[in-house]
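Working notes for the structure below.
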Amino acid sequence: MPWPRFDLPLLHTLVAAVDAGGLVRAAARVGLTPSAVSLQMRRLEAQAGCALLRKQGRRLVPTPAGERLVSYARRLLQLDEEAHAALQEDAEAGVVRLGAPQDVAERWLPGELARFARTRPRVRLEVVIERSAALREALAGGRLDLALLFGEEVPGAALLGELPMEWLASAALPRPARGEPLPLVLFDPPCAFRSAAIAALDGAGLPWRLALTSPSLSVLWASAAAGLGATARTPLGAPAALRPAGRRLGLPRLAPVRLWLHRTSDRAAPAALADALAKALRDRHAVPQRRPGDRG
DNA sequence: CGTAAGTCTTCTATATGCTT
DNA sequence: AAGCATATAGAAGACTTACG
């Protein structure tokens, strides 16, 4: 057996395969074709000397040996990241200012930032929670280095992932009678979710009315949860009382929204740090498509 | 020591078969 | 029929070896 026993890139792919639950999705994560990933897993099984993955229906799940190796692989990859970061640490002391919408900042970002901070203890992160319009303005004004934004493609922005956009409502909100307008709970404009919701209803010829608008996501969640109206958003961070309600209320399907990583065009100041954080987020692009166990 | 030729490794593209 | 894993052929790059 040649040294080393295990190739780090193969372990990285194994972790991606187990996390993604299949080789096709793993391939997208690691930037290879599915066949290359399949070959990598065969090579890794040869290195391990035993089967690491097995089929379960259409999914691929780890064997007991695979699970043990994944646990080691995570530690090895973490150590690799730390070793790399340690060599760069001296060049990397400073502040990164990152903006994000509230649901992203609360539900997705903390884990990613903690991971980043572990490997770069001398970096201070400043997270700004604002609506997209305010974040765009702050980015343009040089008050942010990076921003996570929902919406359309902008040159220079990196796609982090796609999230389903759904109609969300309390079970207490009745289906409107024929011809009755659907009460909506939405952000003030400009808002990508608001525009998409209204366009979808208008496109389907369904009447609607604004029951409440607010600049605060918490107010929207609480109002919708109380049954004031339906809202359109990703399910990320939605309170438990809000359920996907498109089918029950007879509403048109909504296209998924894309989450983009924008960075300031001002390449000055802590460009290296912002680059490092941007790379860390892009590399993982771990936007949960749908957590296992979630329904519809 | 430097370089050219041969070999090996690993990738993509495409085809195929299995499962749901 | 769609979605997925895998088999195979060929291409590209990395590595090794032989030679001047």
Side-chain angles (χ1 to χ4, degrees), chain A residues 1-81 83-84 87-88 108 153 158-167 196 200 203-204 234-236 243-244 246-248 250-260 275 278-296:
Chain A
M1 173 69 77
W3 188 265
R5 309 288 175 100
F6 291 111
D7 285 347
L8 224 43
L10 303 190
L11 294 176
H12 179 238
T13 302
L14 173 69
V15 170
V18 170
D19 286 349
L23 300 190
V24 169
R25 285 181 296 276
R29 286 194 183 194
V30 300
L32 296 173
T33 59
S35 52
V37 169
S38 175
L39 289 170
Q40 283 193 344
M41 290 305 93
R42 201 181 311 166
R43 261 182 281 141
L44 189 61
E45 288 183 334
Q47 291 176 5
C50 59
L52 300 172
L53 297 167
R54 65 181 173 82
K55 282 187 183 175
Q56 190 180 76
R58 197 180 280 179
R59 286 176 66 85
L60 217 56
V61 298
T63 62
E67 277 179 15
R68 292 194 73 184
L69 184 56
V70 163
S71 154
Y72 281 104
R74 291 191 201 278
R75 285 155 61 187
L76 286 165
L77 292 168
Q78 175 71 38
L79 202 55
D80 175 68
E81 206 172 311
H84 187 258
L87 298 183
Q88 306 200 330
W108 178 72
E153 179 160 14
L159 179 62
L160 288 184
E162 248 184 20
L163 289 160
M165 192 191 317
E166 289 175 355
W167 293 104
T234 80
L236 196 66
R243 297 301 187 78
R247 183 170 299 184
R248 179 173 69 81
L251 303 177
R253 287 182 68 92
L254 296 165
V257 282
R258 293 177 161 191
L259 184 63
W260 298 89
D275 280 343
K279 181 173 184 307
L281 292 174
R282 275 202 315 271
D283 283 355
R284 289 186 43 81
H285 67 86
V287 176
Q289 296 295 316
R290 187 159 303 185
R291 277 159 296 159
D294 278 7
R295 284 187 215 143

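In what follows, every chain begins at residue 1, and chains take the letters A, B, ... in the order their sequences are listed. Model, not experiment: these values are computed from the prediction. Both backbone and side-chain heavy atoms feed into the values below; hydrogens, waters and symmetry mates do not.
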Using side-chain heavy atoms (C-beta onward) and a distance below 4.5 Å, is A:Leu52 in contact with A:Val70?
no
A:Arg29 versus A:Val15: any side-chain heavy-atom pair under 4.5 Å?
no
Given [options], the nucleotide with the shortest approach to the side chain of [X]:
| X | options | result |
| --- | --- | --- |
| A:Ser35 | C:dA5, B:dT14, B:dC11 | B:dT14 |
| A:Val24 | C:dC4, C:dT6, C:dA7 | C:dC4 |
| A:Asp7 | C:dA5, C:dT8, B:dT10 | B:dT10 |

Ignoring backbone atoms, establish whether [X] has a side-chain N or O less than 4.0 Å from OP1 or OP2 of [N].
| X | N | value |
| --- | --- | --- |
| A:Arg43 | B:dC8 | no |
| A:Arg25 | C:dC4 | yes |
| A:Gln40 | B:dT9 | no |

Which atoms form the tightest heavy-atom contact between A:Arg54 and A:Pro62, and what is the distance?
NE-O, 4.4 Å
Return yes if some donor-acceptor pair links the side-chain N/O of A:Glu166 with the main-chain N/O of A:Pro235 below 3.5 Å, else return no.
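Such a contact is absent between A:Glu166 side chain and A:Pro235 backbone.
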How many Å lie between [atom1] on [X] and [atom2] on [N], as a whole number?
| X | N | atom1 | atom2 | value |
| --- | --- | --- | --- | --- |
| A:Lys55 | C:dT6 | NZ | C1' | 8 Å |
| A:Leu53 | C:dC4 | CG | P | 16 Å |
| A:Arg42 | B:dT9 | CZ | C1' | 14 Å |
| A:Leu32 | C:dA5 | CG | C1' | 15 Å |
| A:Leu60 | B:dT19 | CG | C1' | 13 Å |
| A:Leu52 | C:dA5 | CG | C1' | 16 Å |
| A:Leu10 | B:dT10 | CG | C1' | 10 Å |
| A:Arg54 | C:dC4 | CZ | C1' | 17 Å |

For atom CZ of A:Arg43, is the number of surrounding heavy atoms from other residues, nucleotides or ligands below 6.0 Å larger than 12?
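Yes, enclosed.
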Is there a donor and acceptor pair, one atom on the side chain of A:Ser38 and one on the base of C:dA7, closer than 3.5 Å?
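There is none.
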Would you please name every residue forming a side chain to side chain contact (heavy atoms under 4.5 Å, CB included) with A:Leu8, sequence neighbours left out?
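Side chain to side chain contact (heavy atoms under 4.5 Å, CB included) list for A:Leu8, sorted by chain: A:Leu11, A:Leu76, A:Leu77, A:Asp80.
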What stems, by residue range, does DNA chain B take part in, given at least 3 consecutive Watson-Crick or G-U pairs under 3.5 Å?
B:1-20 with C:1-20
To the nearest 0.5 Å, tell me how far A:Thr234 OG1 sits from A:Leu259 CG.
9.0 Å
